[in-house]
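To start, the structure under review is shown below, and the notes come after it.
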Amino acid sequence: MLTKRIIPCLDVDKGRVVKGIRFVNLRDAGDPVEQALEYERQGADEIVFLDITASSDNRETVIDMVRKTAYELSIPFTVGGGIRSYADVRRVLMAGADKVSLNTAAVQNPRLITEGAEIFGSQCIVVAIDAKKSGEGKWEVYTHGGRKATGMDAVEWAVKAEEMGAGEILLTSMDYDGSKDGYDLDLTRRVSESVNIPVIASGGAGGPAHIYDALTAGKADAALAASIFHYAEYTVGEVKAYLAERGVPVRIPRPTGAGVGKGIRGNADSK
Amino acid sequence: MRVAILDMGLGNLLSIRRGIERASGGIGSGSITGPHAEVIIAQRDAEAGCADAVVIPGVGAFRDGANALAGRFGGVVGRIRSGEIPALGICLGMQLLFTRSFEGGEYPGLGVISGDVVRLPDSVKVPHMGWNSIRIVRSGELVRGIPDGEHFYFVHSYYCRPGEEGVTVAETEYGVHIPAIVEKGRVFGTQFHPEKSGEAGRTIIRNFLEAAKR
C-alpha cells in the first residue's frame, strides 16, 4: 500500500539552516546536509529545502548545497525558494535535486510549469501555493513569500497548475502557518479533492495529532512540518509510530544495517 | 568490478552513481566489504563496453531514452540482449527493457522482456509518487535479504505489463498490480528508485552487483 509521507522542511538562509539548533548529536547543526541526514536516519520520507535568502547573488551557494545533499542523501529531496526561470529549474535539477518547488514564478509565468514538466517530467515540478482565507470556503493565493495578494482562488489555481503539468501541490495555509494549532483541514481537503496529483499539507503542525488530521480528514498525501522537527519536539519516527498505531499507512524503516548482508538467503529463497 | 551508468543525456546521474558507490563499499561508503565497484558514467558504446555490468538509469521520457539507447549504445544493447553483460534498468530504465511503450505515442523499446508499458489508471492519483510496499511473488537475485512488505520509493506515471510468464519477482499495488522488480536471465529491472530508497534500496543495488559478479 502507498504510504503517507512525512516531510521535514529546512529553511535555509545563505547556505545555513535558520532554525534547528537543538540537535546535539550533529557536528554542525547549521549545515543543511547534516540536518537532512539526521532526518533520513529518523525515517523521513523526503526532505524539502526552502531557500529564504533575500539576495539573488546566492545561486552558487544553493547549487553547492544541492550537490552536497545529492551526494550524501539516499531519499528524495525538493528545493524551493528563489527559482524564477527555466534556467534555475535546470540548474537545481542537474545539480541533483529530485524536484523543484515553484511558487511566485509559477503564478507569474505558468508556462514555466509546462516547460519544466516537458523536459524533466511532471514528477520534478512541485507547485507551492501559499493560501489565505478570504471568505467562507474561499482562499486567495499569495506570492512573494506571502506579501502579495494575487486575487486568484487557491483551489482553481491548484487545478490549473495540474493542467499545466505540475506533479504535486505543496499547499501552505498562511492563516495556520506558525500557529501550531493544526493544518487548515478545509483548505487541504478542498484542494486534495479537486486535483488528481498528490497534495502535501503544510502550515500549522504542532504535534502528531495535527499530522494525523491532515492525512485523514484533510485527505493529504503527505504532511510537511518544520518547527516540531527542528526543535526536536518530536522525531519523525515518533510521529510515524503515532500514525501507525492509528491505522495510517507509513513507512517505518528498519534500523540501519539490519538485514543487509546476513539475509542473503532470506525469505525470498525459502518460498 | 566496473559498472557503467549509461548516460542518455536526460538528467543528473549523481544520485545513482552515489547509490552504487555506497552499496558496493566504494568511495565514501564507510564500508570495507562489498563488491567494490568502480562506477563510470558512459557517454558512448566504447566507454560502456569494458564494464562488467551496466545500469540503465531512470530519468526522462520513454521516446528520448529509447532513441539515446539506440543511437549511443547499440553495441552494449546487443550484449545485454545476448546475456553477455548484466544490466539493471531503473524506473524508465526498466520500462525501456520492454517491447513497446504508449507514453506520448507508441514507441519501441529494447524488447528484452516482452510486454507493453501503459499509463496508470485514472482511478488513482498520477504520478504514483512515494513509498509503497512490495509483495515478493517469487525468489530472485534482487530480493535476497529483502523482507516481504518492504517499502521503496516510486515515482512514475506508466507501468509495465509483461507479456511473458515468470519475469515478475515482486509487485506493488496502486490501482493495479504493478511489477516492481523483474528479472530475466542477467537482465534486472526495478520500477522504484533503489538509489532513493534508503537502506532497503542499498540492499537491492548490492544484490545486483553480487549477481553481476557471478
Side-chain angles (χ1 to χ4, degrees), chain A residues 1-5 40-41 43-46 66-67 69-77 92-99 118-124 167-168 192 195-199 221-222 249-271, chain B residues 10-15 17-19 22-23 28 33-34 59-61 92 122 124-133 136-157 169-170 172-174 193-203 206-207 210:
Chain A
M1 187 189 274
L2 184 65
T3 57
K4 301 282 188 179
R5 286 170 284 154
E40 177 181 338
R41 285 191 288 269
D45 296 308
E46 290 183 42
V66 173
R67 270 199 210 101
T69 306
Y71 192 83
E72 298 291 346
L73 211 63
S74 46
I75 56 172
F77 69 101
V92 169
L93 292 177
M94 292 307 278
D98 297 281
K99 310 175 193 178
E118 276 171 0
I119 306 287
F120 295 103
S122 288
Q123 75 281 353
C124 297
E168 198 163 34
S192 197
V195 296
N196 197 41
I197 51 177
V199 173
D221 300 279
V250 287
R251 175 186 71 109
I252 308 224
R254 287 174 294 152
T256 302
V260 177
K262 60 189 173 195
I264 288 297
R265 307 219 69 88
N267 62 334
D269 293 290
S270 62
K271 287 196 171 185
Chain B
L10 301 174
N12 183 279
L13 301 175
L14 178 62
S15 292
R17 182 200 189 118
R18 282 294 298 155
R22 278 192 292 253
T33 58
V59 280
L92 171 70
D122 291 335
V124 288
K125 289 189 173 188
V126 178
H128 172 210
M129 189 187 289
W131 298 77
N132 205 333
S133 54
I136 297 170
V137 297
R138 75 158 169 92
S139 64
E141 298 285 349
L142 295 193
V143 291
R144 285 164 183 254
I146 299 287
D148 203 31
E150 182 62 276
H151 293 92
F152 294 93
Y153 188 79
F154 289 82
V155 49
H156 61 115
S157 302
V169 168
T172 191
E173 185 74 44
Y174 191 64
H193 286 269
E195 79 280 16
K196 291 287 164 187
S197 296
E199 197 64 40
R202 200 172 308 186
T203 304
R206 194 185 179 102
N207 285 343
E210 296 286 359

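Within every chain, numbering begins at 1; the chains are lettered A, B, ... in the order of the sequence lines, protein sequences first and strands thereafter. Just so we're clear, the structure is a prediction, and the values are computed from it rather than from any experiment.
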- Do the side chain of B:Arg22 and the main chain of A:Glu72 share a donor and acceptor less than 3.5 angstrom apart? yes

- Message: If I measure from the heavy atoms of chain B, does A:Arg5 come under 4.5 Å with its side chain, its backbone, both, or neither?
- Response: side chain

- A:Gly167 to B:Pro127 - nearest heavy-atom pair and separation: O-CD, 3.9 Å

- Task: Please report the closest heavy-atom contact between B:Tyr153 and A:Lys99, naming both atoms and the distance.
- Result: OH-NZ, 3.4 Å

- Note on the structure: Between B:Trp131 and A:Thr3 the two heavy atoms that sit nearest each other are O-OG1, 2.7 Å

- Top residue by heavy-atom pair count (under 4.5 Å) with chain A, among B:Ala61, B:Ala170, B:Ser133, B:Gly19? B:Ser133

- Message: Is B:Val169 in contact with chain A via its backbone, its side chain, both, or neither, using a 4.5 Å heavy-atom distance?
- Response: neither

- From B:Met129 atom CE to A:Glu46 atom CD, the distance as rounded to the nearest 0.5 Å: 7.5 Å

- Of all heavy-atom pairs between B:Leu14 and A:Ala70, which one has the smallest distance, and what is that distance? CD2-CB, 3.7 Å

- Message: Show the nearest heavy-atom pair for residues A:Gly96 and B:Ser15, with the distance to one decimal.
- Response: O-OG, 4.1 Å

- Query: So what's closer than 4.5 Å to chain A heavy atoms on B:His193: side chain, backbone, both or neither?
  - Reply: neither

- Query: Where do B:Val126 and A:Ile197 come nearest, in terms of heavy atoms and distance?
  - Reply: O-CG2, 3.3 Å

- Message: Counting only non-hydrogen atoms closer than 4.5 Å, does A:Leu2 touch chain B with its backbone (N, CA, C, O), its side chain (CB onward), both, or neither?
- Response: both

- Decide yes or no on side-chain contact (heavy atoms from CB on, under 4.5 Å) for B:Lys125 and A:Asn196, but give the supporting numbers first. CA-CA 5 Å; B:Lys125 289 189 173 188; A:Asn196 197 41; 3.8 Å; yes

- Query: At what distance, to the nearest 0.5 angstrom, does CD of B:Glu199 lie from OG of A:Ser74?
  - Reply: 7.5 Å

- Say you draw a straight line from NE2 of B:His151 to CD1 of A:Ile252; how long is it, rounded to the nearest 0.5 Å? 9.0 Å

- Task: Let me know if A:Glu168 has heavy atoms under 4.5 Å from chain B in its side chain, its backbone, both or neither.
- Result: side chain

- Message: Need one label for A:Thr69: side chain, backbone, both or neither, based on atoms under 4.5 Å from any heavy atom in chain B.
- Response: neither

- Item | Gap between atom CZ of A:Arg251 and atom CD of B:Glu150 - 0.5 Å precision | 8.5 Å

- Among all residues two or more places apart in sequence or in another chain, which pass the salt bridge (charged side-chain N to carboxylate O under 4.0 Å, His left out) test with A:Asp98? B:Lys196

- Under 4.5 Å from any heavy atom of chain B - which part of A:Ala95: backbone

- With sequence neighbours excluded, tell me which residues meet salt bridge (charged side-chain N to carboxylate O under 4.0 Å, His left out) with B:Arg17. B:Glu21

